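Here is the structure we will look at.
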Amino acid sequence: MAPEETAKKPVEETGVRLPPLEGAVMGQVVTRFPPEPNGYPHIGHAKAAIIDEEYARMYQGKLILRFDDTNPLKEKLEYYDAIKEGLDWLGVKPDIVKNTSDDISLIQQYGRKLVELDGAYVCTCSQETMHDLRAKGVACECRRDPSEALTRLEKLFNGSYEQNQAIIRFKGDMADLNTAMRDPALFRIIEGQHPKLGSKIRVWPTYDFAAPIEDSLDGVTHAMRTKEYELRNALYFAILDRLDLRKPTMIEFSRLEFEGVPVSKRKIRPLIDDGTIKDWDDPRLPTLSAFRRRGFVPEAIRKFVISLGITLAETKPPFEALEAYNRKIIDPLSMRLFFVKDPVELYVQEAADLDVVLKNHPTDTALGSRTVKASDRFYVSGDDAAGLKINDEIRLIELYNVKITRIECQEGKLSLTATPAGSEIKQSMPKIQWVSKQDIFDLRVLIPKQLYVGEQYNTNSLEVVKGVAESFVSGFKPGQVVQFVRFGFCRIDGNNTAIFTHR
RNA sequence: GCUCCGGUGGUGUAGUCCGGUCAAGCAUUGUGGCCUUUCAAGUCGCAGAUCUCGGGUUCAAAUCCCGACCGGAGCACCA
């Protein structure tokens, strides 16, 4: 089974559900997911996008995917695509896709209007001055004397100012206890190549200005964002107030991140730059591409996100919960195969050559079966071998029982000898998986662990397990999710490598 | 430092707005049985929270009020 082919079940059937939306009217809800195309999508994006979509669906409304691209210095074309791909994989289907930059002239017009309305002004103070005055809660000369505002506004847009020489500031309240209201920047000059607009535009709105304008104009009824924006709500509504624009309902929720698996580029980029981590889809990362490569299916992520609700409490949810959702989905779809870690040779004296037919799934016969050629030589896992004593009787799963007659250790290499011991399945007997010596496929399994322990990179974050699997595994394409019996679920990654999903 | 937001079993949450039906539901984890030629899944059961703490209001508080403590966020010409 390839994870991307998992059937998408309606969430209502799963038992997990989001609480009702405040003030929502059936058929009229419009939500929006506004990522900045400045990086690869991760689990945090997934949470926001899924919640946005769930509510749009719950009320038979619309979901807008709006790339919040108002900073040409940070955005790249490849990220627009990466985010689209990520959402596509997640099964999040926006009804409308647009960019904030599509509306750049409109937004600029509203900016000009705000200055004309005396709701904003052009400030030419240095950043240091601004910072100091803001800290003191004092207005600068640019604000106190509005006579030049309109002239400056023209100069700003006709290119008379250089970058950093002038910005448009909101006329808030320099003494407000909420510092977001102390005349924040609304527009600034950025010289740079924008992925969509090139160098055509140089007066760019900040997020603080673009977001409310876009939400209002796009018809968004319920705007959701993570809670670090809470203090900016006052600004958001003040802007819409002064411009006399319709106000959406604002809802915030906590960010999603796992313990030891940071989402921040600040913590990941250095590891990629210095080669510690190869790429953004490394299974230790919380990017969507990593989850996919690791064998997680979109529907598990969706259920998990919904189960978290839209709480404001800042907590790191247990990764095991995500695993549990995933396990329940992939369990019935995954073939059961044998893989032995740290192989130890087992010689079964006088064992006959056999063609063993193995079921690919214990209950679902639709998954078929396979035939393995067995002789008297096998491999069993080092862990199992280590626990054996002479005269122990064990069952080779789906084969027969053997009794250990000799345990040798030459040059640190363990080997076992046994004799047949019937075929009756006994409750008490350990049942272990095996691989026929003439039917092996070398396989290494990558087991991702926490990337960070505290603030420190975890040097043991990727365990590499070596072993042998059945040759049947060689026929799988990358993307196949299987369960190695008594080992865990894995996703075939190609090049004799599998990635451990979870147990 | 200032401001804002949180604080329910090991963990994540429901409930808090509109006090009683909540000595608190669900999930996960743990644990025991059944099932099973897997240490998975399924299934049945159990364990685990006096709802951060201290006051107050009330016949009645997880739910309202006050205070404290702890945790997080914001204080950018980033989003």
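Since this is a predicted model, take the numbers as computed values, not measurements. Letters go in sequence order (proteins before strands), and every chain restarts at 1.
- Under the Watson-Crick and G-U wobble criteria, each requiring two contacts below 3.5 Å, nucleotide B:U52 is paired to B:A68.
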Nucleotides 25-33 of chain B: which of its N/O atoms have a protein N/O under 3.5 Å away?
residue : atom : partner  : partner atom : Å
B:U28   : OP1  : A:Lys328 : NZ           : 2.1

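- Across every non-hydrogen atom of A:Asp383 and A:Lys341, the tightest pair is OD2-NZ, 3.8 Å.
- Straight-line distance from the CG atom of A:Leu256 to the P atom of B:G6: 19 Å, rounded to whole Å.
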For a quick test of your reading: what N or O donor-acceptor pairs under 3.5 Å do the side chains of residues 135-143 of chain A make, sequence neighbours left out?
residue  : atom : partner  : partner atom : Å
A:Glu141 : OE1  : A:Arg144 : NH2          : 2.7
A:Arg143 : NH1  : A:Asp183 : OD1          : 2.7
A:Arg143 : NH1  : A:Asp183 : OD2          : 2.7
A:Arg143 : NH2  : A:Gly172 : O            : 3.3

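- Both A:Phe487 and A:Thr315 lie close to RNA chain B; mapped to their nearest nucleotides by heavy-atom distance, the more 5′-ward contact belongs to A:Thr315.
- If you measure from atom CZ of A:Phe253 to atom P of B:U13, you get 13 Å, rounded to the nearest angstrom.
- Atom CG in A:Leu18 sits about 12 Å away from atom C1' in B:U13, given to the nearest Å.
- Across all strands shown, B:U13 forms a Watson-Crick or G-U wobble pair with B:G25, both key distances being under 3.5 Å.
- Between A:Arg255 and A:Glu314 there is no salt bridge, since no side-chain nitrogen of the basic residue lies less than 4.0 Å from a carboxylate oxygen of the acidic one.
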Its contact letters, B for base, S for sugar-phosphate only and - for none at protein heavy atoms under 4.0 Å, make nucleotides 72-79 of chain B read SSSSSBSB
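- A salt bridge links A:Glu154 with A:Arg112: the closest approach of a Lys/Arg side-chain nitrogen to an acidic carboxylate oxygen falls below 4.0 angstrom.
- Whole-Å rounding puts the A:Leu312 CG to B:G15 P distance at 13 Å.
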- Worked check of side chain to side chain donor-acceptor pair (under 3.5 Å) between A:Asp208 and A:Thr206: CA-CA 5 Å; A:Asp208 280 331; A:Thr206 57; 4.8 Å; no
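- Here the side chain of A:Asp218 pairs no donor or acceptor atom with the backbone of A:Val220 at under 3.5 angstrom.
- To the nearest whole angstrom, the two C1' atoms, one in B:A79 and one in B:A73, are 15 Å apart.
- Within the nucleic acid shown, A:Lys426 has no heavy atom closer than 4.0 Å to any nucleic acid atom.
- B:C34 is paired with B:G42 under the Watson-Crick or G-U wobble criterion, all donor-acceptor distances under 3.5 Å.
- A:Phe500 places its CZ atom 12 Å from the P atom of B:A40, with the value rounded to the nearest Å.
- With ring centers used as reference points, A:Phe291 lies 6.0 Å or more from A:Phe304.
- Taking atom C1' on both B:U36 and B:A41, the two are 10 Å apart, rounded to the nearest angstrom.
- For the side chain to side chain contact (heavy atoms under 4.5 Å, CB included) with A:Pro317, the qualifying choice from A:Val305, A:Leu256, A:Leu322 is A:Leu256, the only one to do so.
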Check: residues 362-369 of chain A side-chain donor-acceptor pairs under 3.5 Å, at least two apart:
residue  : atom : partner  : partner atom : Å
A:Thr363 : OG1  : A:His361 : NE2          : 3.3
A:Asp364 : OD1  : A:Ala366 : N            : 3.0

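- In this structure, A:Lys373 pairs ionically with A:Asp355, as a charged nitrogen and a carboxylate oxygen lie closer than 4.0 Å.
- Rounded to the nearest Å, the gap between the P atom of B:G20 and that of B:G56 is 22 Å.
- Nucleotides B:U63 and B:G25 place their C1' atoms 16 Å apart, quoted to the nearest Å.
- In this entry B:C59 has B:G20 as its Watson-Crick or G-U wobble partner, both defining distances falling under 3.5 Å.
- Classification of the A:Phe476-A:Phe472 ring pair by plane angle, with boundaries at 30° and 60°, yields perpendicular.
- Between A:Phe500 and A:Phe487, the ring center distance clears the sub-6.0 Å criterion.
- Under the 6.0 Å cut-off for aromatic ring centres, A:Phe296 and A:His502 qualify, their centroids lying closer than that.
- Searching all strands for a Watson-Crick or G-U wobble partner of B:G1 with both distances below 3.5 Å returns B:C75.
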Can you check nucleotides 65-69 of chain B for protein contacts, nitrogen or oxygen pairs under 3.5 Å, and list what you find?
none

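- A:Arg202 approaches A:Gly159 most closely through the heavy-atom pair NH2-CA, 3.7 Å.
- Rounded to a whole Å, the NZ atom of A:Lys316 is 12 Å from the C1' atom of B:G71.
- B:A61 sits 14 Å from B:U8 when the C1' atoms are compared, rounded to a whole Å.
- Taking atom CG of A:Leu322 as the reference point, atom P of B:G12 lies 15 Å away to the nearest angstrom.
- Spacing of C1' atoms, B:A49 relative to B:U29, comes out at 15 Å, to the nearest Å.
- With rounding to whole Å, A:Leu308 atom CG is found 14 Å from B:U8 atom P.
- The aromatic rings of A:Tyr79 and A:Tyr40 lie perpendicular to each other, with more than 60° between the two planes, well past the 30° mark.
- With respect to A:Lys267 and A:Glu455, a salt bridge is recorded, a charged nitrogen being found less than 4.0 Å from a carboxylate O.
- Comparing B:U43 with B:U28, their P atoms are spaced 10 Å from each other, to the whole Å.
- Contacts between residues 360-368 of chain A and RNA chain B, defined by a heavy-atom separation below 4.0 Å, involve A:Pro362, listed by number.
- Between B:G72 and B:C26, the two P atoms lie 32 Å apart (nearest whole Å).
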